[in-house]
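Working notes for the structure below.
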There are 2 protein chains.
Amino acid sequence: MDALGANSTGYVPLYQQIKRLITESLVSGEWAPGEPIPSEFELASRYSVSQGTVRKAISELASQKVLVRHQGKGTFVASHSQESTNFPFLRIAPDDSVVQSVEATLIDLWRIKLDEISAAKLLVSPGASGWLIRRLLSVEGKETLYEEIRLPGDSFETVEEQLVLDHNCMLYSMYESEFGIRILNVEESLKAVTADGEITKRLKLPESTPLLRVDRIAFTYGDKPVELRRGFCNTSNHHYRNRIV
Amino acid sequence: MDALGANSTGYVPLYQQIKRLITESLVSGEWAPGEPIPSEFELASRYSVSQGTVRKAISELASQKVLVRHQGKGTFVASHSQESTNFPFLRIAPDDSVVQSVEATLIDLWRIKLDEISAAKLLVSPGASGWLIRRLLSVEGKETLYEEIRLPGDSFETVEEQLVLDHNCMLYSMYESEFGIRILNVEESLKAVTADGEITKRLKLPESTPLLRVDRIAFTYGDKPVELRRGFCNTSNHHYRNRIV
DNA sequence: GAGTGGTCTAGACCACTCA
DNA sequence: GAGTGGTCTAGACCACTCA
């Protein structure tokens, strides 16, 4: 099986091909985030297949949250700006309640050269230019998470502090509207650590408090990595939740 | 929408009803783990619907890993004993390689009375009898994870030490074959902690080493909780991995 | 009432497995 | 070659939205 779903005889199901064509239109920007795509019957006639085949393609894209279906209204390009939550990949929650408010405050923003490890993870050459964003997240009014975010300069040409502030630190929504980069999924790697003085100070904690370190790689279309993130989380009153099936 | 997928007018799609009938046959044991269920056409005639409708029901059950499909061979009841991995819900991996070998050694096993919190999580009355299993997991030959497992006595009447040893500490496979309880999914809650003396001694670590504490509730059919687990993981050379979409 | 996605059917044919 | 799951079609009808 290759990336298109072809087997050794070169057979690729029609719906896989349709899925690819739809994805191409999304990447090219023919259909913008938040906007409706053509109806299933329109797409069926455009690609000369049956509605059922288009439907199967759309179903898979909807399960990846690339598209969103609304019965009676249409199928829409998924958009961070119209999602229920502003931090769709945030797994930190307070212990005794459900997460209701998350606030981010910007610490600072720098143009940097990406170190070797970061560059390798972002699939760019070591020393390539990039950006470093540092910020603090408060969950339910309590400083809980200190984050360092690294962005590759080739995908993010100019990141102004004002831009980040304008978007109220909703970064993924900013990536989408300002840079045309939609984050589709993320990989996280967690460890328990004791953090250094600066981080504990930011989180207003005594030194050597154990912290949950969350390393993230965020991916856009085609599993292309476009953001690195390292977070240090105070888990005295919060936890990282996960469901595995 | 109720649990069956009915809307306010009482309409329930056929495939949802079929899904329910199939699940009932699975719970009743008509089709045992690892065995094939009847073919799509057979089920279609049994339930007097089309193959497509049966197919849609099976597809959803397959995506929940309740069933497993094999083209050309049939559809099988999922079984832990024939899964690729013996620890299907284990998210701990070594930092610099892929996880290849996991070994579990039993520390001890006790009949206990469930404390209030555990009983509440397992939806049984506080003080109800149960079991406590303590064990150590080695990943790639290195002691990495200390675990305490609590089981409710109503689902697990008698748990013998020999039984656990016979199953080589593959607990979920044991639950399935010995108690007819199949774990379908788990919820985990993670925190960074400094563990007490006994745990660090078990993991051969200096005291006050930060550890990743993983609390798990495991569910069977109908989202019924049937196992509690608390693990303490040494993350110096290992990490907890997660993918979010 | 027109248009959308959601369900369901009957039938055809394909890819894969196994004897 | 028989039997399985996997794909695809054309057409019908349902549930929902919006004017």
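By convention in this document, chain letters (A, B, ...) are assigned in the order of the sequence lines, proteins followed by strands, and residues within each chain are numbered from 1. Reckoned from all heavy atoms, side chains included, excluding hydrogens, waters and symmetry mates.
- Comparing D:dT7, D:dA15, C:dT4 against the side chain of A:Lys56 picks out D:dT7 as the nearest.
- Contact annotation: A:Ser39 does not reach the phosphate of C:dG3 (side-chain N/O to OP1 or OP2, under 4.0 Å).
- Rounded to whole Å, atom P of D:dT9 lies 14 Å from atom OH of A:Tyr47.
- A salt bridge links A:Arg243 with B:Asp223: at least one charged nitrogen is closer than 4.0 Å to a carboxylate oxygen.
- Closest approach to the A:Glu40 side chain among C:dG5, C:dT17, C:dC8 is made by C:dG5 (side chain taken as heavy atoms from C-beta onward).
- For B:Tyr15, a side-chain nitrogen or oxygen approaches OP1 or OP2 of C:dT7 to under 4.0 Å.
- Across the protein-nucleic acid pair, A:Phe76 atom CZ and C:dG3 atom P stand 16 Å apart, rounded to whole Å.
- Rounding to whole angstrom units, CD1 of residue B:Ile58 and P of D:dG6 are separated by 9 Å.
- Partner B:Leu136 forms a side-chain contact (heavy atoms from CB on, under 4.5 Å) with one of B:Thr144, B:Thr105, B:Leu106 and no other, that one being B:Thr105.
- When the P atom of C:dC16 is taken as reference, atom OH of A:Tyr11 falls 9 Å away, rounded to whole Å.
- Computed from coordinates, the A:Phe41 CZ to C:dG3 C1' distance equals 11 Å when rounded to whole Å.
- Nearest to the side chain of B:Ser50, among C:dA10, D:dA15, D:dG6, sits C:dA10.
- Note on B:Glu30 versus B:Arg46: salt bridge recorded, some NZ/NE/NH1/NH2 to OD/OE distance being below 4.0 Å.
- An OP1 or OP2 oxygen of C:dT7 is reached within less than 4.0 angstrom by no side-chain nitrogen or oxygen of B:Thr53.
- Distances shorter than 4.0 Å separate some side-chain N or O of A:Arg69 from OP1 or OP2 on C:dG6.
- Across B:Arg229, B:Lys121, B:Arg230, a single residue satisfies side chain to side chain donor-acceptor pair (under 3.5 Å) together with B:Asp215, and that is B:Arg230.
- A residue-by-residue look at B:Glu42 and A:Val54 shows that B:Glu42 has its nearest nucleotide of DNA chain D further toward the 5' end.
- Using a cutoff of 4.0 Å between basic side-chain nitrogens and carboxylate oxygens, A:Glu40 and A:Lys56 are not scored as salt-bridged.
- One side chain, A:Glu227 or A:Tyr175, offers a donor N or O that lies under 3.5 Å from an acceptor on the other.
- Picking from D:dT17, C:dG5, D:dT7 the nucleotide with the shortest atom distance to the side chain of A:Lys73 gives D:dT17.
- Between A:Tyr172 and A:Asn86, the side chains place no donor N or O within less than 3.5 Å of an acceptor N or O (distance only, hydrogens not considered).
- Taking atom CG on A:Leu43 and atom C1' on D:dC8, their separation rounds to 17 Å, with Å as the unit.
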DNA chain C base-pair string [pairs: Watson-Crick or G-U under 3.5 Å; |: paired with another strand]: ||||||||||||||||||.

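- Atom-to-atom, CG of B:Leu67 to C1' of D:dG6 comes out at 16 Å; the value is rounded to the nearest Å.
- Straight-line distance from the CZ atom of A:Arg55 to the C1' atom of D:dT7: 16 Å, rounded to whole Å.
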